[in-house]
Student: 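What follows is a single structure, and I will ask about it in a moment.
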Amino acid sequence: MIQNALNEINRGCAEIIDNERIEKLLKAYYEEGKTYTVKAGFDPTAPDLHLGHTVLLQKLAAFQKYGGRVQFLIGSFTAMIGDPTGKSATRKVLTQEDIVKNIASYTTQAFKILDESKTDIVYNNEWLDDLGAGGMLQLASNLTVARMLERDDFSKRYASQTPIAVSEFMYPLLQGYDSVHLQSDIEIGGTDQKFNLLMGRQLQKAYNLKKQQAVLMMPILEGLDGVQKMSKSLGNYIGVTDAPNDMFGKVLSISDTLMWRYYELLSTKTLEEIAQMKTAVEDGSLHPKKVKEDLALEITARFHSETQANTAKEEFDKVHAKSQIPTDIEEFSCEGAIWIAKALQECNIEPSTSQARRDIKQGGVKINQEKVTDEKLQLTQGEYLLQVGKRKFAKLKVN
RNA sequence: GGUGAGGUAGUCAAGUGGCCAACGACGGCGGACUGUAAAUCCGCUCCCUACGGGUUCAUAGGUUCGACUCCUAUCCUCACCA
């Protein structure tokens, strides 16, 4: 039993510090029914979660299955500083209203994965506000500037003379202090958080807590391109709130190699099942397309519903595999005859008439499934199905 | 504060008086192919009812028949020195 739980908890992890502690906690749960706390911090700087965040959430959910109580920590205080991790410039500071708004949409999204009854949402301003200047100084005395500058992102910024606000130095300390206050047993975060996570251990010791938290680090999920980390600013993300069709399509667009990584970090399938699929694909008995479809279905169903996921699949097959027309097409209408290039522009499927002409010349424009060859074509009264390329559609009614 | 270099299309980056709507790369778009929105190959890539016209190379003026290219001023960026 314990071994099972351990396996599931270890799955996909990049690094675990103090695995023994985790084992002991699990043992105490199975033998004495004692629960323990697992802390994860979330920075309410953006309102939307993407699959990269859900890697952590799913790990938290795994802990919940085995006696863990999640401390879902909202960095309501620290958001005002901005985490310097991986950043090359001082971050913009958020206003209180922004933070409140972000938190609300954040938690609803998170509870699609987490068990709400085993989760405590905590806000770090509740105790950090009261820390006071004295407490702050005491806290800061636990760390030397030299150690702080050892951090890659800080030293790079320092070397390149990019400004570092002193307040940013406080960030890891405050995050670590959260662990002191909450007396967390385990903290999890991304590998890029290593410094901050270890600070929790160091501070717990400094503040004479009996046990130091174990630290579990998850790898950073690659984005759709398979190279850079998934992030909104890079545009290579799958958002938790993405429409079913988009979500399904985005998963299918990843490469076959990346697909296995997503399986490991995002799927609820067991590692054995995944290994079996992998062998089957390698010896040719299973088609990789099928495997990827299953993944897309699983992920889409998690955030929407099984029915919606299946609809999305059908829709995808229809449009891409069989090059048929999608179900929902935006409709436009206009008065009087209209020039084809102008019509495409009006329907927002071409940015300019020049681009429209080019695409017509190249045979990329279709009306009612028929290729358009005449770039001077006038559309007279009637209804038309306009198409540019394989996936831009519009319906136009000419009155 | 001083000195030097530079600002060119979505990005990077050529072009140093007419051959420039401006080489090239990436990206993007279209086509072929494919299980795929991957890879590969081909084409396109400022706007305009368009074999022609219009507006571009930080901004504003100027020189010239003609300027992205020369001059002047302004704004911004970067490097070195202090």
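We name chains A, B, ... by the order of the sequence lines, and we start the count at 1 in each one.
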Student: In terms of the nearest nucleotide of RNA chain B, which residue is placed more toward the 5' end: Lys342(A) or Lys366(A)?
Tutor: Lys366(A)
Student: Has the side chain of Tyr262(A) got a donor or acceptor atom that lies under 3.5 Å from a matching backbone atom of Glu222(A)?
Tutor: yes
Student: Could you measure between the two P atoms, the one in U59(B) and the one in A9(B), and give it in whole Å?
Tutor: 10 Å
Student: Starting from C1' on C48(B), measure out to CD on Glu350(A) and report it in whole angstrom.
Tutor: 15 Å
Student: Between Ser253(A) and U36(B), does any side-chain N or O lie under 4.0 Å from OP1 or OP2?
Tutor: no
Student: If I pick the C1' atom on C70(B) and the same atom on U64(B), what distance separates them, to the nearest angstrom?
Tutor: 9 Å
Student: Could you check which of C29(B), U49(B), A37(B) has an atom nearest any side-chain atom of Thr353(A)?
Tutor: U49(B)
Student: Is the side chain of Asn142(A) donor-acceptor paired with the backbone N or O of Leu139(A) at a distance under 3.5 Å, no angle test?
Tutor: yes
Student: Return the nucleotide paired to A60(B): Watson-Crick means purine N1 to pyrimidine N3 with N6-O4 or O6-N4, wobble means G-U with N1-O2 and O6-N3, both under 3.5 Å.
Tutor: U72(B)
Student: Gln345(A) near the nucleic acid: base, sugar-phosphate alone, or nothing, with a heavy-atom cut-off under 4.0 Å?
Tutor: sugar-phosphate
Student: Return the pairing partner of C41(B) with a 3.5 Å limit on both distances, Watson-Crick or G-U wobble; otherwise return none.
Tutor: G31(B)
Student: For U8(B) versus C23(B), give the span between their C1' atoms, rounded off to a whole number of Å.
Tutor: 13 Å
Student: In Watson-Crick or G-U wobble terms, both distances under 3.5 Å, what is the partner of A67(B)?
Tutor: none
Student: Roughly, in whole Å, what's the span from CD in Glu346(A) to P in C48(B)?
Tutor: 11 Å
Student: Heavy atoms only, 4.0 Å cut-off, all strands: where does Lys290(A) land among base, sugar-phosphate and nothing?
Tutor: nothing
Student: Would you mind telling me which residue lines up with the more 5' stretch of RNA chain B, Gly363(A) or Leu252(A), judged by nearest nucleotide?
Tutor: Gly363(A)
Student: Answer yes or no: is there a donor N or O on one side and an acceptor on the other, between the side chain of Lys395(A) and the main chain of Glu383(A), under 3.5 Å?
Tutor: no
Student: Looking only at side-chain atoms of Ser352(A), point me to the closest of C48(B), G35(B), C29(B).
Tutor: C48(B)
Student: As a test of reading the structure: which of A50(B), U36(B), G30(B) is closest to the side chain of Lys392(A), going by heavy atoms?
Tutor: G30(B)
Student: Indicate, with a heavy-atom threshold strictly under 4.0 Å, whether Gly389(A) touches base, sugar-phosphate, or nothing.
Tutor: sugar-phosphate
Student: For Ile254(A) and G35(B), what is the distance between atoms CD1 and P respectively, to the nearest whole Å?
Tutor: 19 Å
Student: Can you tell me, in whole Å, how much space there is between the C1' of C29(B) and that of G10(B)?
Tutor: 13 Å
Student: Any idea which of C29(B), C48(B), G35(B) is nearest the Asp256(A) side chain?
Tutor: G35(B)
Student: C1' atom, A5(B) versus G66(B): distance in rounded Å?
Tutor: 29 Å
Student: Given 3.5 Å as the limit, does a donor-acceptor pair link the side chain of Glu273(A) with the main chain of Thr270(A), or not?
Tutor: yes
Student: Regarding Lys390(A), tell me which of base, sugar-phosphate or nothing describes its non-hydrogen contacts under 4.0 Å with the strands shown.
Tutor: base
Student: Side chains of Ile186(A) and Gln213(A): closer than 4.5 Å at any heavy-atom pair?
Tutor: no
Student: Taking the side chain from Glu375(A) and the backbone from Lys361(A), do they hold a donor-acceptor pair closer than 3.5 Å?
Tutor: no
Student: Measuring only the P atom in each nucleotide, how far is C78(B) from C12(B)? A whole number of Å is fine.
Tutor: 14 Å
Student: Give me the distance, rounded to whole Å, that separates C47(B) from U34(B) when you measure between the P atoms they each carry.
Tutor: 33 Å
Student: Write down the distance between NZ (Lys292(A)) and C1' (U36(B)), rounded to a whole number of angstrom.
Tutor: 6 Å
Student: Looking only at atom P, what distance separates A67(B) and G43(B), rounded to whole Å?
Tutor: 35 Å
Student: Spell out, as yes or no, whether a donor-acceptor pair under 3.5 Å connects the side chain of Lys59(A) to the backbone of Arg11(A).
Tutor: yes
Student: Using only modelled atom types and a 3.5 angstrom limit, is any donor from either the side chain of Gln362(A) or the base of G43(B) paired with an acceptor on the other?
Tutor: yes
Student: May I ask you to verify whether the side chain of Ser255(A) and the base of A39(B) hold a donor-acceptor pair under 3.5 Å?
Tutor: no
Student: Any side-chain N or O of Arg357(A) less than 4.0 Å from the OP1 or OP2 oxygen of U45(B)?
Tutor: no
Student: Mind checking who C51(B) pairs with, Watson-Crick or G-U wobble, both distances under 3.5 Å?
Tutor: none
Student: Between P on A39(B) and CG on Leu258(A), what's the gap in Å once rounded to a whole number?
Tutor: 13 Å
Student: Side-chain contact, heavy-atom cut-off 4.5 Å: Phe42(A) with Thr107(A)?
Tutor: no
Student: With both distances under 3.5 angstrom, what nucleotide forms a Watson-Crick or G-U wobble pair with A79(B)?
Tutor: U3(B)
Student: Without decimals, in angstroms, what is the distance between Gln355(A) CD and G28(B) P?
Tutor: 14 Å
Student: Side chain of Lys289(A): nearest nucleotide among G30(B), U45(B), G35(B)?
Tutor: G35(B)
Student: For the pair made of CZ in Arg358(A) and P in A50(B), what is the distance, rounded to whole Å?
Tutor: 16 Å
Student: With both distances under 3.5 Å as the test, what is the Watson-Crick or G-U wobble partner of C12(B)?
Tutor: G24(B)
Student: Has the side chain of Gln378(A) got a donor or acceptor atom sitting under 3.5 Å from an opposite partner on the base of U49(B)?
Tutor: yes
Student: Using whole Å, report how far CZ of Phe248(A) lies from P of U36(B).
Tutor: 13 Å
